[in-house]
Asks: 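Provided herewith is a single structure, encoded as structure tokens, for subsequent inquiry.
Since the model is a prediction, treat every value here as computed from it, not as a measurement. By convention in this document, chain letters (A, B, ...) are assigned in the order of the sequence lines, proteins followed by strands, and residues within each chain are numbered from 1.
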Amino acid sequence: MNDKTDEHRLIAERRDKLNKIREQGIAFPNDFKRNTVAGELHAEYGDKDNDFFDANPVRVKVAGRMMLRRVMGKNSFVKLQDMSGQIQLFVSRDALPEGLYADFKGWDIGDILGAEGLLFVTKTGELSVKLDALQLLTKSLRPLPDKYHGLTDTESRYRQRYVDLIMSDVTRKTFKMRTDIIQYVRDFLNQRDYLEVETPMMQVIPGGATARPFITFHHALDMDLFLRVAPELYLKRLVVGGFERVYEINRNFRNEGLSTRHNPEFTMVEFYQAYADYNDLMDLTEELLRGLAVDVIGSTTISYQGESYDFGKPFARMTVKESILQFNPDLNEAQLDDLDQARQVADQLGIPLKDSYGLGKVQIEIFEKTVEHRLMDPTFITAYPTEVSPLARRNDQDPFVTDRFEFFVGGREIANGFSELNDAEDQADRFRKQVQEKEAGDDEAMHFDEDYICALEHGLPPTAGEGIGIDRLVMLLTDSPSIRDVLLFPHMRKED
RNA sequence: GGGUCGUUAGCUCAGUCGGUAGAGCAGUUGGCUUUUAACCAAUUGGUCCGGAGUUCGAGUCUCCGACGACCCA
């Protein structure tokens, strides 16, 4: 932090202690090897009693952070925390080498210790290690938060995640679950012969989504580069190349506002499957999410912020228009099918519209305002207007819409997928429309990507693709109210 | 972008009507041979987020700003 906290007396006291340790020899020893962890001990010996340990002495070497200490004259109890949990140490003056117990009493909560001894059970029935060897491995110079309340200040928890992780079981569990979720998704796709790939994070032409990109500069090449807003166009180039099932789990960057659901960098899994259509991917998504829920939380019922969502039964499916009519019973279809009438509806809803908006864009504005946040149960919304889906294949019966879906639960968009537009000429037209919108001032509109058109001209097989927002998925499965709770190091403003 | 709330000791929090800044934990000193947020005694520790204003006097009232949380767009 700053000089002031550096000079704080609590830190100064610990620095003095460290200096004394330095004078006595190696202050940061690196030769202690543990042979077990707390969780393993509880799993293996949690149900044993002292008769067992008398008959079968178990000698263990453990290491970790001292989280709690109760000094009772010549004996002390310590809670030692490692990556698997906590184990209690029983520290007895007379069992340790001369003088070590006095040293131990000068150590602090937060210090990293290595300890060796025999397992036993205390009077109150807690599995513990009776030490005959003890070593300070790392001196901690900064005091930890209150041993009971921990770190509750949200700002500090985000800015100093390492302290949050030390103090909060809930935080550790959330991020372990995040890893489990990503692992499940990866296994799920691997089992279905999808190939995991990496495509550029720095792109010459940002594409694949309508979003404002971050711009950076490459000095040697003397050119602007864009952090990707999506990997889509590169993944589809790979399908052209013959990798018929590919996926990537990685970061996207969007230069937009922050909220409980938005971080400037966020993680998506995007996957593409040749010879599949958007209906196949809805089925796949349903299977993935259902299996994920069972695997990660052990149930198809997901509790989120006091609500409960059933992933066990088939997910609802309806079109954009159907959903608007369902949640706006006073509207009729004719009002949504006519641009002037639809604009009138939007006006009444207080939605600001630009002159350039066509009927499809107006419909989506109405959808986002009146429907999206009300889609609580798992629901696929289909038939998105072509106008707002520049990379999706037109529907054969109704070219006004595309073969596209988005998936919602808890009022939030989790996934977006569609049958891919593989008609190079149609795609070129759509890019030209995007460029017009960009020139009209929409800085989220796409660029014209000539090489991508060239790739399509080589022939993209009929393909469906989808992106699932990992962060929002983790929020849902870990019952986290803010995206910051599922990002180890969320973006924060400068402190000053 | 707008609104509401918050920011006081390392941490968790009190602070009345505007009148010299409080507790618990942590730390320090002493006591204590099976504790469970151990306990007992003593004790150290403050840029009350920053700035300006009102006032004899501001943690407290007013304004501006920073950061955060929530809601709205």
Side-chain angles (χ1 to χ4, degrees), chain A residues 1-18 20 49-50 53 65-81 85-96 101-102 104-111 117-131 139-164 166-169 256-262 305 346 349-353 365 368-370 372-373 411 480-485 490-496:
Chain A
M1 303 279 279
N2 53 44
D3 290 347
K4 203 164 295 162
T5 46
D6 248 359
E7 290 162 6
H8 193 275
R9 64 193 168 79
L10 291 175
I11 295 169
E13 279 170 11
R14 291 187 180 210
R15 267 190 215 287
D16 288 344
K17 291 178 181 178
L18 174 58
K20 291 199 175 70
D49 57 19
N50 281 326
F53 290 121
R65 192 181 297 276
M66 178 160 66
M67 296 302 292
L68 214 54
R69 190 176 58 162
R70 294 180 283 271
V71 179
M72 315 179 55
K74 297 183 182 68
N75 287 340
S76 294
F77 291 91
V78 163
K79 278 282 161 66
L80 196 73
Q81 177 169 292
Q86 296 191 340
I87 184 75
Q88 181 168 262
L89 308 180
F90 181 71
V91 191
S92 189
R93 187 192 67 180
D94 298 334
L96 293 176
Y101 190 77
F104 159 77
K105 285 204 285 186
W107 298 347
D108 293 290
I109 288 169
D111 288 352
L118 295 173
L119 287 183
F120 77 109
V121 179
T122 64
K123 274 182 189 169
T124 50
E126 181 164 352
L127 182 67
S128 306
V129 185
K130 191 174 285 182
L131 301 191
K139 183 68 200 166
S140 160
L141 295 177
R142 289 177 185 266
L144 287 177
D146 187 287
K147 64 186 174 186
Y148 183 66
H149 300 94
L151 193 62
T152 65
D153 179 60
T154 46
E155 187 174 354
S156 303
R157 292 205 302 115
Y158 298 149
R159 288 192 195 275
Q160 294 187 277
R161 184 66 88 185
Y162 40 91
V163 178
D164 184 30
I166 290 170
M167 300 306 296
S168 169
D169 196 39
E256 294 161 359
L258 285 71
S259 80
T260 49
R261 292 180 286 283
H262 298 86
Q305 303 294 297
L349 289 165
I351 299 168
L353 296 176
E365 292 288 331
E368 287 178 357
K369 171 87 175 185
T370 63
E372 193 170 315
H373 63 280
S480 299
S482 168
I483 196 170
R484 289 179 164 182
D485 296 320
H491 182 77
M492 304 287 281
R493 284 176 206 276
K494 282 185 289 191
E495 276 183 282
D496 280 338

Asks: Mind checking who B/A66 pairs with, Watson-Crick or G-U wobble, both distances under 3.5 Å?
Replies: B/U7
Asks: Decide, yes or no, whether a salt bridge links A/Asp108 with A/Arg69 under the criterion of side-chain N to carboxylate O below 4.0 Å.
Replies: no
Asks: So what does A/Gly257 touch, heavy atoms closer than 4.0 Å: a base, only the sugar-phosphate, or nothing?
Replies: nothing
Asks: Restricting to nitrogen or oxygen on both sides, can you table the protein-nucleotides 21-28 of chain B pairs closer than 3.5 Å?
Replies:
unit_1 : atom_1 : unit_2   : atom_2 : d
B/G24  : N2     : A/Asp146 : OD2    : 2.9
B/C25  : O3'    : A/Lys147 : NZ     : 3.2
B/A26  : OP1    : A/Lys147 : NZ     : 2.8
B/G27  : O2'    : A/Glu13  : OE1    : 2.1
B/G27  : O2'    : A/Glu13  : OE2    : 3.3
B/U28  : OP1    : A/Lys17  : NZ     : 2.7

Asks: Is there a side-chain polar atom (N or O) of A/Arg70 under 4.0 Å from OP1 or OP2 of B/A38?
Replies: yes
Asks: Both distances under 3.5 Å, Watson-Crick or G-U wobble: report the partner of B/A23, or none.
Replies: B/U12
Asks: Donor-acceptor pair under 3.5 Å: do we get one between A/Thr152's side chain and the base of B/U12?
Replies: no
Asks: Give the B/S/- string for nucleotides 68-73 of chain B, one per nucleotide from 5' to 3', where a protein heavy atom under 4.0 Å of the base yields B, of only the sugar-phosphate yields S, and otherwise -.
Replies: SSS--S
Asks: Give none if B/G46 has no partner; otherwise give the nucleotide forming a Watson-Crick or G-U wobble pair with it, both distances under 3.5 Å.
Replies: none
Asks: Tell me what A/Tyr101 touches on the nucleic acid: a base, only sugar-phosphate, or nothing, going by heavy atoms under 4.0 Å.
Replies: nothing
Asks: Does the side chain of A/Ser92 come under 3.5 Å of the side chain of A/Tyr101 through a donor N or O and an acceptor N or O?
Replies: no
Asks: Checking base pairs now: Watson-Crick or wobble, both atom distances under 3.5 Å. What partners B/U33?
Replies: none
Asks: Do A/Gln88 and A/Arg70 get their side chains close enough for a donor-acceptor pair, meaning under 3.5 Å?
Replies: yes
Asks: Hey, are A/Thr260 and A/Arg484 close enough side-chain-wise for a donor-acceptor pair under 3.5 Å?
Replies: no
Asks: Within 45 degrees of the axis of the six-membered ring of A/Phe104 and under 6.0 Å from its centre: does A/Arg93 put its NZ or CZ there?
Replies: no
